[in-house]
Every structure is written in structure tokens, then in C-alpha cells.
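Below is one structure, written out as C-alpha cells, with a few remarks after it.
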Protein chains: 2
Amino acid sequence: MATAEQDRNISSSFAKGLAVLAVFDAETPSMTLAEIARRSGQDRATARRGALTLVQAGYLRQDGRMLSLTPRVLALAGGFLQANQFGRRVQPVLNRHARQLEIEVTLAMLDQGRVLLLAQSTVEHGHITYGFTAGSRIPLAHTSLGRMLLAGLPEAEAAKVLAATEIPRHTGQSLAEPEAILERVAKAREQGYCVTDSEFEAGITGYAVPVSRPGRTPIVAGCSAPRGSQPEADAERLLRGLQLCAAELRQAEAVDHL
Amino acid sequence: MATAEQDRNISSSFAKGLAVLAVFDAETPSMTLAEIARRSGQDRATARRGALTLVQAGYLRQDGRMLSLTPRVLALAGGFLQANQFGRRVQPVLNRHARQLEIEVTLAMLDQGRVLLLAQSTVEHGHITYGFTAGSRIPLAHTSLGRMLLAGLPEAEAAKVLAATEIPRHTGQSLAEPEAILERVAKAREQGYCVTDSEFEAGITGYAVPVSRPGRTPIVAGCSAPRGSQPEADAERLLRGLQLCAAELRQAEAVDHL
DNA sequence: CTACAATGTTCGCTTTGCGAACGCTGTCAA
DNA sequence: TTGACAGCGTTCGCAAAGCGAACATTGTAG
């Protein structure tokens with residue numbers, strides 16, 4: 001029999017079902033069965049069973065032929081957040097620094113070739129809101145968070161991760177060549193911080209610093225703001241604030257075992 | 001064969017796997033296989049396959065014999081939060097009112113006999129932090145949020161939900177009798193708000209008001225604070241603030257299709 | 001050191017769920 | 001109007017996936 005070697009310890013039906021759950025993201029909040037099947041690379045019948053099971057378990061809702069996530073998925077994340085004491089150890093620190101800097105501060109890590117936002121402060125101030133929350137995923141190549149995360153990996157691995165990522169063009173200033181991006185990553189690694197300008201959103205500058213200790217799974221903190229009249233002064237002030245925030249998180253051992 | 005009727009549209013392996021994922025909550029952040037099996041009511045072998053599949057998919061991490069959630073579960077919640085524009089429509093409103101009231105404001109709904117926190121303001125105030133975040137689940141019977149949620153259900157259904165819930169005793173002042181609790185729920189329904197004192201945490205008073213329109217899935221907003229020197233004045237101020245917050249969320253249609 | 005209890009892992013037998021095939025619904029051209 | 005077609009949701013026979021009793025392994029008490 002030339003059937004592909006199959007691990008008896010893994011439940012393939014379960015894995016396929018999880019893939020169905022995972023296709024729901026920001027771009028496609030509600031989908032038909034056929035769309036789910038296409039996105040998850042499964043047969044329509046398989047996707048259907050997975051989706052119906054999720055409906056029965058209460059994680060999906062069915063409106064006519066459209067399927068969408070229910071709030072119950074939050075409970076899954078809640079388990080993680082409470083287990084790691086995010087509410088006590090992480091969020092208050094982010095909030096305090098955000099208030100002081102008058103800017104939103106975000107904590108992030110790598111996940112499957114994207115930047116996964118772990119937590120975010122929300123300072124109430126007249127500034128723009130990007131609509132991202134904990135659990136949002138943003139591109140790797142053209143954000144300061146993403147490049148700082150890559151800088152936390154060994155050079156070879158960073159290159160590999162980047163190579164496995166598509167590099168879309170968000171703005172006219174987005175770097176297109178992997179080599180150019182890796183150069184910025186190397187620079188970030190040397191400097192211990194990363195600044196990106198207008199590569200993801202035009203006119204917006206992003207700042208990021210490492211939080212995790214070297215060698216560990218990279219975790220970074222960052223923020224972003226419209227480019228002001230004194231770019232250098234802004235950068236210095238914000239990076240200094242982020243460094244303080246990162247140091248405090250490190251000292252509290254808030255992110256050591258992620 | 002007298003086997004129980006089995007729906008061919010539902011994947012039982014997938015459902016069992018989901019149950020494994022769902023047992024990870026705040027009280028038990030990391031568990032052994034046997035513990036997972038016990039909690040999910042499954043055979044150890046079945047729980048093992050589910051857990052190993054989750055490890056392979058990156059949702060669980062295995063440290064020796066302990067299993068715990070990885071940050072990837074946040075991405076699942078992120079899909080929901082982004083789809084419903086929580087970052088843009090809900091969070092800023094909560095933050096603004098929280099800042100004004102100088103207290104944390106929480107948005108919540110019912111989920112399986114518990115109160116599921118949907119969002120929480122992240123304001124830097126001098127006060128205590130309870131460590132709850134979006135996705136946290138708290139008891140139904142002895143919190144103002146829970147009682148206000150029950151008040152949003154038809155009376156018969158509220159009684160049914162409460163009957164299906166265990167009523168632990170958190171403090172000496174926790175009401176023990178379902179009838180007494182339902183009385184408070186009825187009062188909350190009449191008044192349009194709910195205040196609870198010292199029934200969940202001693203010395204802490206909780207406040208809640210409805211957000212969803214009558215008849216819809218109940219959604220409520222609430223806050224909690226140590227009992228001050230002027231309970232009536234505090235209550236009036238906070239409830240007024242919560243009502244404004246709720247009205248704003250209603251007008252923005254931020255929570256209509258949950 | 002032995003007995004015991006509790007946990008993790010294997011493998012034969014049964015059940016589940018895969019996917020080709022089907023029917024249904026909307027769309028376009030003749 | 002009618003026919004051909006494309007895309008969708010749903011069914012069912014058969015292969016393979018996974019259930020759980022049994023076994024192996026680890027931890028604990030006497």
C-alpha cells in the first residue's frame with residue numbers, strides 16, 4: 001500500500017476541523033461553505049462537516065448560507081490570557097506607558113509568517129485608532145513590529161521565515177526585495193530598535209523594540225504615529241518610552257514562557 | 001444494533017477535540033493528559049489524540065507531561081474581534097467612559113451558564129485590577145453583570161439557565177437560594193439596572209446596565225468598585241455613566257448581531 | 001524491595017467520515 | 001422560453017480512521 005504514512009496519534013478529522021475554524025479572519029468575517037472549503041483547501045463535504053460541528057459546539061453561527069464566528073471563541077483566548085496573567089502583569093504596564101507617551105502601545109509575536117498582536121493599550125486621546133486588537137494579525141515585512149521580531153531570530157531563520165512570506169506592496173514606499181528587508185532587520189538587530197516609515201500605511205511611522213530576552217521566542221513592543229514635524233525628537237522620545245516599557249515587562253517576567 | 005442515533009453531518013472526533021481545547025481555563029492553565037481526559041469526560045486515549053493534534057496544529061504546547069495553551073489561540077479570537085469591529089466601535093467607547101468615570105468598564109454576555117467578558121476598557125487609573133480580560137468567564141449568580149444578563153432573558157428562561165448553574169458561595173453575603181437570586185433579577189429587569197454588593201468579592205460593589213435592545217441576545221455593560229463612603233452617590237454617578245455608555249453602543253449598532 | 005495506583009501508549013475491531021456522484025438553484029445565450 | 005452550464009449544498013458505499021481494552025511505564029506508599 002502506497003498510502004501516505006499516517007500518524008495514529010493525530011486525529012486528522014480534528015486537524016481538518018481546526019483548519020475550518022482558522023480560516024475566519026478579518027478579511028472574511030462570514031463565508032459560505034464553498035468558500036470555507038476553498039480557503040481551507042478541503043473538499044466541500046469535509047468543510048461542511050467541520051462547519052456543522054462548529055455550529056453545534058457554538059463556535060460558529062449560521063445565517064442562511066453564511067457562517068460566522070460567535071463570541072464563544074473569545075473564551076478560548078480567555079483561557080490563555082488568564083493563564084498568563086495578562087490582565088494583571090501585561091495590560092497595566094502597557095496602559096501606563098501608553099498614557100505617558102500619549103500613544104497606543106502594542107505587544108506582539110510571530111505566528112505563521114505574520115505578526116500576532118498579543119495585547120494592546122488604548123489610550124483615550126484624540127489620535128487615530130487602527131482597529132487592531134489582541135489576536136489581530138498584521139504583515140511581517142513592512143511593519144516595525146515584524147522587522148523587530150525577525151531581528152530576534154537567528155539570521156538564517158529570519159531569512160527563511162521571510163522567504164516563506166509573500167511580500168505585498170502596501171504603499172509606494174514598501175520595500176519589495178527580501179534582501180533590502182533583511183538589511184533593515186539586521187540594522188534593527190544591531191541597534192536594538194526598529195523604525196519604519198510609510199511602508200504599511202502612508203504617512204505613518206512605526207516604532208518597535210524587543211521585549212523577550214535574546215535567544216527566547218521573540219516578543220516585541222511597538223507603537224505607531226503620523227509623521228510629525230520633528231521626526232528625530234519623536235523617535236527618540238517614543239523609543240525611550242518603549243524601552244522602559246519593555247524593561248518593565250522583562251523584569252516582571254511577564255512574557256518569559258510564551 | 002442499538003447504537004445511539006448518530007448524525008452523519010457532525011464529526012464526533014472534531015467535537016471531542018474541541019472539548020479538549022475548551023477545558024483549558026483560568027483555574028487550570030496547564031494539565032496532564034489524564035487531567036484533560038477527566039475534565040473533558042473522555043477516554044484518556046481519546047484525549048491524548050486530541051491533545052497531540054492540538055500540539056501539532058500549534059494551539060497547545062507540551063512541556064514534559066504538562067500541556068498548556070499557546071498564544072495562537074488569540075488568533076481565533078482576533079478573527080471575531082476584527083469581524084465585529086471591536087477595535088473601532090466598542091473599545092474606544094468603553095475607554096472614553098471609563099476615563100470619565102475613573103473606573104474600568106466591561107462588556108459581557110451569557111455563555112454556557114457563565115458571564116463571558118467581551119471587552120474591557122483599558123484605562124490607566126490608580127485603582128485595583130481584577131485580572132480579567134476579554135474572554136474571561138465569571139460566575140453568573142453573584143455578579144451584577146450576570147444578574148443583569150439574566151434580566152435580559154424571558155423570566156422562564158432565566159430561571160432555567162440559573163437552575164442549570166451551580167451556585168457556589170463566594171462570600172458570606174452570597175445569596176444561596178435560586179428564588180432569592182431570581183427576585184433580584186426581576187428587580188433589575190424592572191429598574192433597568194443592577195447593583196450587587198459583596199456577593200462575589202467582599203467589600204466590592206458591582207454595577208450593570210443593559211446594552212442590547214429588548215428581545216435580542218442580552219449584552220450588558222458594568223463596572224465594579226470598593227464600597228465608598230457615599231454608596232448612593234457613587235451608585236447614581238456610575239449607573240448614569242454606564243447608561244450613557246450603553247446608549248452610545250446601541251446607537252453605534254456595535255453589538256446588534258452577536 | 002514489593003505492591004499498588006495512576007499515567008501514558010499500543011493495536012485489533014468497529015465506526016466514522018471521505019469524496020465521487022447527485023440534485024438543486026441561479027445565470028447567461030440562443 | 002428553453003437549454004446548457006457553473007457553482008452550490010447534500011447523500012451514501014466503502015476505505016481508513018480512531019475507540020478503548022489491554023499493556024507498558026512511571027510515581028508512591030508501606
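Residue numbers start from 1 in every chain, and the chains themselves are labelled A, B, ... in the order their sequence lines are given, proteins ahead of strands. Model, not experiment: these values are computed from the prediction.
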Would you mind reading off the distance between A:D7 atom CG and D:dA17 atom C1', rounded to a whole angstrom? 12 Å
Could you tell me whether A:E27 and A:R137 have a side-chain N and a carboxylate O separated by less than 4.0 Å? no
So, B:D256 and B:R213, do they make that salt bridge, N to O below 4.0 Å?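 Result for this pair is yes, salt bridge flagged.
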Does some side-chain heavy atom of [Y] sit less than 4.5 Å from a side-chain heavy atom of [X]?
| X | Y | value |
| --- | --- | --- |
| B:L116 | B:I138 | no |
| B:L60 | B:L69 | yes |
| B:L249 | B:I219 | no |

For this output row, return yes or no: ring centroids of B:F200 and B:H170 closer than 6.0 angstrom. yes
Give every residue pair that meets the salt bridge (Lys or Arg N to Asp or Glu O under 4.0 Å) criterion with at least one member in residues 156-173 of chain B, sequence neighbours excluded. none
Tell me whether A:Q112 at atom CD has more than 12 heavy atoms from other residues, nucleotides or ligands lying less than 6.0 Å away.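 Check passes, neighbour count above 12.
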Output a table of donor-acceptor pairs, distance under 3.5 Å, between side-chain atoms of residues 75-83 of chain B and any protein atom two or more places apart or on a different chain; print 'none' if there are none.
none

To the nearest 10 degrees, what angle separates the axes at the start and end of the helix from C:dC1-D:dG30 to C:dA30-D:dT1, five pairs each? 30°
Under a 4.0 Å heavy-atom cut-off, which of residues 13-22 of chain B touch DNA chain C?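 Of all residues in residues 13-22 of chain B, the ones placing a heavy atom under 4.0 Å from DNA chain C are B:S13.
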Kindly write out the residues that satisfy ring-ring contact (aromatic ring centres under 6.0 Å, His included) with A:H257, not counting sequence neighbours, or none if the list is empty. none
Are any of B:S12's side-chain N or O atoms less than 4.0 Å away from OP1 or OP2 of C:dG17?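 Checking C:dG17 against B:S12, a side-chain N or O does come within under 4.0 Å of OP1 or OP2.
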Quick tally for nucleotides 4-10 of chain C: nucleotides whose base has a protein heavy atom under 4.0 Å get B, sugar-phosphate-only ones S, the rest -, giving ---BBBB
